S.K.: 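Okay, here's the structure, questions in a sec.
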Amino acid sequence: MVLGNYKNCVCARAADPAILSASQDGGIVTQLFAFALEEGIIDGAVVAGQGDEPYKPEPVVATTVAELMEARGTRYTICPNVSMIKEATRSYGLDKVGIVGTPCQIQAVRKAQLYPMGMRSVGSKVALAIGIFCMENFSYQGLEAMVEDLCNVKMESASKMDIGKGKFSVYTARGAVSQIPLKLTNKFEQPGCKVCLDYVANLADVSTGSVGSPDGWSTVFVRTKAGETLWGKAIEAGYFETQSIEDVKPGLGLVTKLATDKITKNQKNLDERASFGVGKGLRNPYI
Amino acid sequence: MGLLSDLMEKIFPKNKPVDPKAAPGPVTVPEPAAVPKPAAVPEPGTVPESRPEAKPAVKPGDVKVEKKPEIIETEEKPVAEKITIGHVHMSGCTGCLVSLADNYEGLFTLLDNYADLNYCLTLADVRDIPKMDVALVEGSVCINDPHSVADIKKTRENATIVVALGSCAAYGNITRFSRGGQWNQPQHESYLPIGDLIDVDVYLPACPPSPESIKNVAVMAYLLLRGTDEQKELAAAYLKPLMDLAKRGTEACGCDLMFDVINQGLCMGCGTCVATCPVRAITMVYGKPNIDSDLCIKCGACYAQCPRSFFNFDVMNQFEAIGEAIDAAMGKGDE
């Protein structure tokens with residue numbers, strides 16, 4: 001159950017080398033949105049676009065493949081994508097909206113569909129919700145501290161950031177690599193992440209992340225009927241290369257382990273919150 | 001006897017020639033064997049009495065007034081026992097009722113299959129608040145107006161479930177800002193959320209609550225009152241957070257995001273509140289909501305919609321099945 005309900009799980013990467021050139025891992029999100037756009041399954045997608053400062057994303061509604069390409073790659077900081085979901089159906093006039101988000105953001109989307117109090121004409125227009133695996137997130141200032149103070153790299157010099165194999169890595173265009181162990185980054189984790197009980201975006205249509213797959217590939221969970229239909233069409237149209245998840249190296253075992261670790265740790269946090277003070281506790285959002 | 005029927009009698013006096021085309025109606029209608037339950041509406045006689053008058057255009061010259069209730073019974077679809085829903089209008093802008101109506105054909109499906117709208121000043125010809133299963137109360141109570149106070153008390157007496165429909169009923173919303181002085185009742189200046197005067201069972205905040213959310217709550221209320229054990233369980237689980245909101249209090253503000261989400265270490269910066277706010281009072285600053293309190297109308301939508309105000313996994317994990325079930329109940333494709 002730590003991996004949520006899913007219809008199938010594969011290891012995949014985008015077939016388009018142009019997408020892979022600047023994607024975080026297998027380019028799944030960009031390629032799947034691009035396919036859905038071309039097929040008319042979505043009219044546009046809320047993605048993490050470029051903001052004012054380096055590696056500070058801001059949510060944008062991408063309605064072309066070029067705009068999707070602009071938004072490739074992971075920025076390890078907060079991008080409030082859900083804030084644009086209603087706007088996408090209003091100012092942008094989209095009838096079929098795609099959205100990519102962390103597990104908590106996908107939870108927000110599902111709540112907006114089941115309890116749509118302030119979300120008129122939004123829920124039924126969400127045509128594709130892609131979730132990304134997420135262990136924790138950092139405030140922008142936290143990310144700056146990690147990159148500039150701990151890794152000694154200017155934000156504007158960084159060409160890619162990555163978390164994997166127990167390390168936070170920053171790459172520069174000139175080829176330098178700085179790495180720090182995740183132990184050092186833990187304290188910059190934003191507080192809201194400490195109560196999160198979802199690692200692999202259990203409520204998404206399709207969720208994806210690098211964990212479990214070899215470098216340059218991504219693990220993909222296809223979860224809902226909408227996701228299954230779309231994924232089937234994309235595979236048929238040759239938009240993805242796939243391998244069986246059983247055949248690749250770290251495999252589902254690692255995904256399960258990390259998901260279990262996260263959920264166990266955060267469930268413990270939740271339990272501790274209940275008796276945080278003296279005879280007084282902190283609020284539990286799940287009851 | 002509704003207002004409309006009295007009017008009709010004045011407009012179409014009894015000596016008006018009977019339209020021959022309309023004549024077969026009351027006579028030929030057979031007692032339907034298909035109607036599953038004898039007492040379609042066991043509640044007050046006002047219900048069947050008033051409904052035929054609501055569509056007088058069919059045969060305005062019909063003399064046999066007593067026969068009309070029978071006709072209505074035969075016209076009704078042989079569906080499982082409907083629930084009765086009333087819309088009680090306190091001090092509000094009717095936007096919540098418009099939102100209910102904005103389900104378009106979904107509203108007809110709702111009224112055909114699941115609920116009788118047995119009280120609604122705008123849409124149904126009933127003057128006194130009858131017994132009902134679910135009262136959707138829109139607007140806050142003007143305590144300077146004895147009628148409003150009496151009406152909200154009667155609503156509590158007569159309704160099994162009282163739903164605060166929209167933020168005025170739940171939290172006061174814009175009526176919190178009233179200072180009186182409006183024509184033609186300048187002395188009306190004090191407005192209270194209904195929860196300050198009566199016990200409220202379910203909150204459905206937002207200004208206005210979306211048509212979809214009202215539809216969902218109506219369907220869930222039907223399942224809770226008429227469903228199988230399994231359906232009752234689902235409906236209870238679905239409605240629980242909205243019942244908890246009703247217990248939480250009658251004050252709301254964008255500040256709730258600060259007090260009960262950010263200050264409690266729960267905000268993860270998803271931006272839901274920004275999209276929800278009907279007056280665009282919220283922006284994201286440092287990855288967290290920032291509330292412009294000059295703009296905030298105290299509707300409480302941001303907090304209610306926030307995934308960290310409540311998130312019930314038992315319901316949310318079934319989002320796909322529940323969504324499909326509601327679509328199916330509503331005849332699919334009604335959006």
Side-chain angles (χ1 to χ4, degrees), chain A residues 1 4-5 58-59 77-88 101-102 104-125 137-141 190-198 202-203 205 223-226 273 276 282-287, chain B residues 99 102 203-213 216-217 238 241-242 244 260-262 264-278 282-284 286-289 299-302 304-313 315-320 322-324 326-327 335:
Chain A
M1 196 54 215
N5 300 320
E58 84 184 18
T77 186
I78 301 159
C79 185
N81 279 7
V82 189
S83 69
M84 285 300 280
I85 196 169
K86 192 193 258 178
E87 199 61 13
T102 52
C104 55
Q105 293 177 332
I106 302 300
Q107 288 180 345
V109 170
R110 297 315 181 193
K111 180 169 170 181
Q113 290 181 305
L114 278 185
Y115 294 91
M117 293 153 289
M119 289 283 192
R120 179 176 176 150
S121 302
V122 171
S124 59
K125 294 185 178 176
N137 205 348
F138 309 98
S139 69
Y140 186 70
Q141 289 66 29
Q190 70 164 337
C193 297
K194 295 187 198 301
V195 298
C196 176
L197 302 177
D198 190 348
N202 294 353
L203 302 183
D205 290 312
R223 300 186 180 279
T224 63
K225 284 174 192 161
R273 285 171 63 90
F276 196 80
L282 300 175
R283 205 169 63 78
N284 182 343
Y286 303 125
I287 50 171
Chain B
S99 195
D102 277 353
Y203 267 19
L204 192 56
C207 184
S210 71
E212 301 95 321
S213 64
N216 288 2
V217 166
Y238 179 90
L242 302 178
D244 290 343
D260 282 358
V261 184
I262 302 171
Q264 287 278 327
L266 293 172
C267 179
M268 40 52 185
C270 66
T272 302
C273 46
V274 176
T276 303
C277 181
I282 306 177
T283 47
M284 295 300 277
Y286 290 111
K288 302 280 178 279
C299 71
C302 51
Q305 195 71 65
C306 171
R308 292 286 167 85
S309 64
F310 69 82
F311 195 86
N312 43 355
F313 283 108
V315 172
M316 297 293 185
N317 283 343
Q318 305 178 60
F319 75 92
E320 202 182 7
I322 294 174
E324 284 172 2
I326 292 178
D327 279 353
E335 292 300 334

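Small disclaimer: the values here were computed from a predicted structure and weren't measured. Side chains included, hydrogens not; waters and symmetry mates left out as well; all remaining heavy atoms used. Reminder, nothing fancy here: chain letters follow the sequence lines and each chain counts from 1.
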S.K.: Quick check for you: among A:V122, A:I287, A:N5, A:L282, which has the greatest number of heavy-atom pairs under 4.5 Å with chain B?
M.R.: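 If we count pairs closer than 4.5 Å to chain B, A:L282 comes out on top.
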S.K.: Using non-hydrogen atoms only, which part of B:M284 is less than 4.5 Å away from chain A: side chain, backbone, both, or neither?
M.R.: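 Only the side chain of B:M284 comes within 4.5 Å of chain A.
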S.K.: Between A:K86 (side chain) and A:G118 (backbone), is there a donor-acceptor pair under 3.5 Å?
M.R.: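 Checked: pair present.
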S.K.: Heavy-atom cut-off 4.5 Å, strictly under: side chain, backbone, both or neither for A:S139 against chain B?
M.R.: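 Answer is neither: A:S139 stays 4.5 Å or more from chain B.
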S.K.: Examine whether an atom of A:V109 lies under 4.5 Å from a heavy atom of chain B, and if so say whether it belongs to the side chain, the backbone or both; otherwise answer neither.
M.R.: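 A:V109 has no heavy atom closer than 4.5 Å to chain B.
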S.K.: Name the region of A:Y115, side chain, backbone, both or neither, that has any atom closer than 4.5 Å to a heavy atom of chain B.
M.R.: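 Both the backbone and the side chain of A:Y115 come within 4.5 Å of chain B.
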S.K.: Output yes when a side-chain donor or acceptor of A:S83 lies under 3.5 Å from a complementary backbone atom of B:V274, and no otherwise.
M.R.: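 Between the backbone of B:V274 and the side chain of A:S83 there is no qualifying donor-acceptor contact (under 3.5 Å).
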S.K.: Which atoms of A:N81 come close to chain B, meaning under 4.5 Å heavy atom to heavy atom: side chain ones, backbone ones, both, or neither?
M.R.: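 Just its backbone gets close to chain B.
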S.K.: Spell out, as yes or no, whether a donor-acceptor pair under 3.5 Å connects the side chain of B:Q305 to the backbone of B:T276.
M.R.: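 No, the answer is negative, given that no donor and acceptor are paired below the 3.5 Å cut-off.
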S.K.: Can you name the residues that form a ring pair (Phe, Tyr, Trp, His ring centres under 6.0 Å) with B:F311, not counting sequence neighbours?
M.R.: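 In terms of ring pair (Phe, Tyr, Trp, His ring centres under 6.0 Å), with neighbours along the sequence ignored, B:F311 is linked to B:F313.
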S.K.: Please determine, among B:L242, B:V261, B:I322, the option with the most heavy-atom pairs under 4.5 Å with chain A.
M.R.: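 With the most close heavy-atom pairs to chain A, the winner is B:L242.
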S.K.: A:K111 side chain to B:R308 main-chain N or O, any donor-acceptor pair under 3.5 Å?
M.R.: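 Not a single qualifying donor-acceptor pair exists.
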S.K.: For B:P241, is it the side chain, the backbone, both or neither that has a heavy atom under 4.5 Å from a heavy atom of chain A?
M.R.: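 Side chain only.
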S.K.: Judged by atom type as modelled, is there a donor-acceptor pair below 3.5 Å linking the side chain of B:S99 to the main-chain atoms of B:P209?
M.R.: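 Yes, B:S99 side chain to B:P209 backbone: donor-acceptor pair under 3.5 Å.
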S.K.: Of all the heavy-atom pairs spanning B:C270 and A:Q105, show the shortest one and how long it is.
M.R.: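 Between these two residues, the closest heavy atoms are CB-CG, 3.8 Å.
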S.K.: Between B:P278 and chain A, which part of the residue has a heavy atom less than 4.5 Å away: side chain, backbone, both or neither?
M.R.: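 When you check distances to chain A, no heavy atom of B:P278 falls under 4.5 Å.
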S.K.: Of the backbone (N, CA, C, O) and the side chain (C-beta and beyond), which part of A:S121 lies under 4.5 Å from a heavy atom of chain B, both, or neither?
M.R.: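 Both parts, backbone and side chain.
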S.K.: Verify, without hydrogens or angle tests, whether A:R273 (side chain) and B:Q264 (backbone) share a donor-acceptor contact under 3.5 angstrom.
M.R.: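 Checking the backbone N and O of B:Q264 against the side chain of A:R273, a donor-acceptor pair under 3.5 Å is found.
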S.K.: Quick one: what part of A:Q107 sits under 4.5 Å from any heavy atom of chain B, side chain, backbone, both or neither?
M.R.: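 Both parts, backbone and side chain.
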S.K.: Report yes if some heavy atom in the side chain of B:P289 is under 4.5 Å from a heavy atom in the side chain of B:C267; otherwise report no.
M.R.: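 Counting from C-beta outward, B:P289 and B:C267 do come under 4.5 Å.
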S.K.: Go through the atoms of A:N284 and report whether side chain, backbone, both or neither lie under 4.5 Å from a heavy atom of chain B.
M.R.: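 For A:N284, no heavy atom lies under 4.5 Å from chain B.
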S.K.: Side chain from CB out, backbone as N, CA, C, O: work out which of these in A:E58 comes under 4.5 Å of a heavy atom of chain B, or both, or neither.
M.R.: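 Neither part; nothing is under 4.5 Å.
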S.K.: Hey, does the side chain of A:Q190 reach the backbone of B:M268 with a donor-acceptor pair shorter than 3.5 angstrom?
M.R.: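 Indeed, once roles are kept as given, a pair shorter than 3.5 Å links the two residues.
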S.K.: A:K125 versus chain B, heavy atoms under 4.5 Å apart: side chain, backbone, both or neither?
M.R.: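 The answer is neither part of A:K125.
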S.K.: Any heavy-atom pair between the side chains of B:C306 and B:C273 that's under 4.5 Å?
M.R.: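 No; the side chains remain at least 4.5 Å from each other.
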S.K.: Using a cut-off of under 4.5 Å on heavy-atom pairs, state which of B:I262, B:T272, B:V315 scores highest against chain A.
M.R.: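 Option with the greatest count: B:T272.
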S.K.: Looking at B:S210, B:C207, B:A301, which has the largest count of heavy-atom pairs under 4.5 Å with chain A?
M.R.: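 When all of B:S210, B:C207, B:A301 are compared, B:S210 has the most.
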S.K.: Heavy atoms only, distances under 4.5 angstrom: which of B:D260, B:D244, B:N317, B:L204 has the most pairs with chain A? Name it, please.
M.R.: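 Among B:D260, B:D244, B:N317, B:L204, the one with the most close pairs to chain A is B:D260.
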S.K.: Chain A: which of B:T283, B:D102, B:I282 shares the most heavy-atom pairs with it under 4.5 Å?
M.R.: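 Most pairs with chain A among the choices: B:D102.
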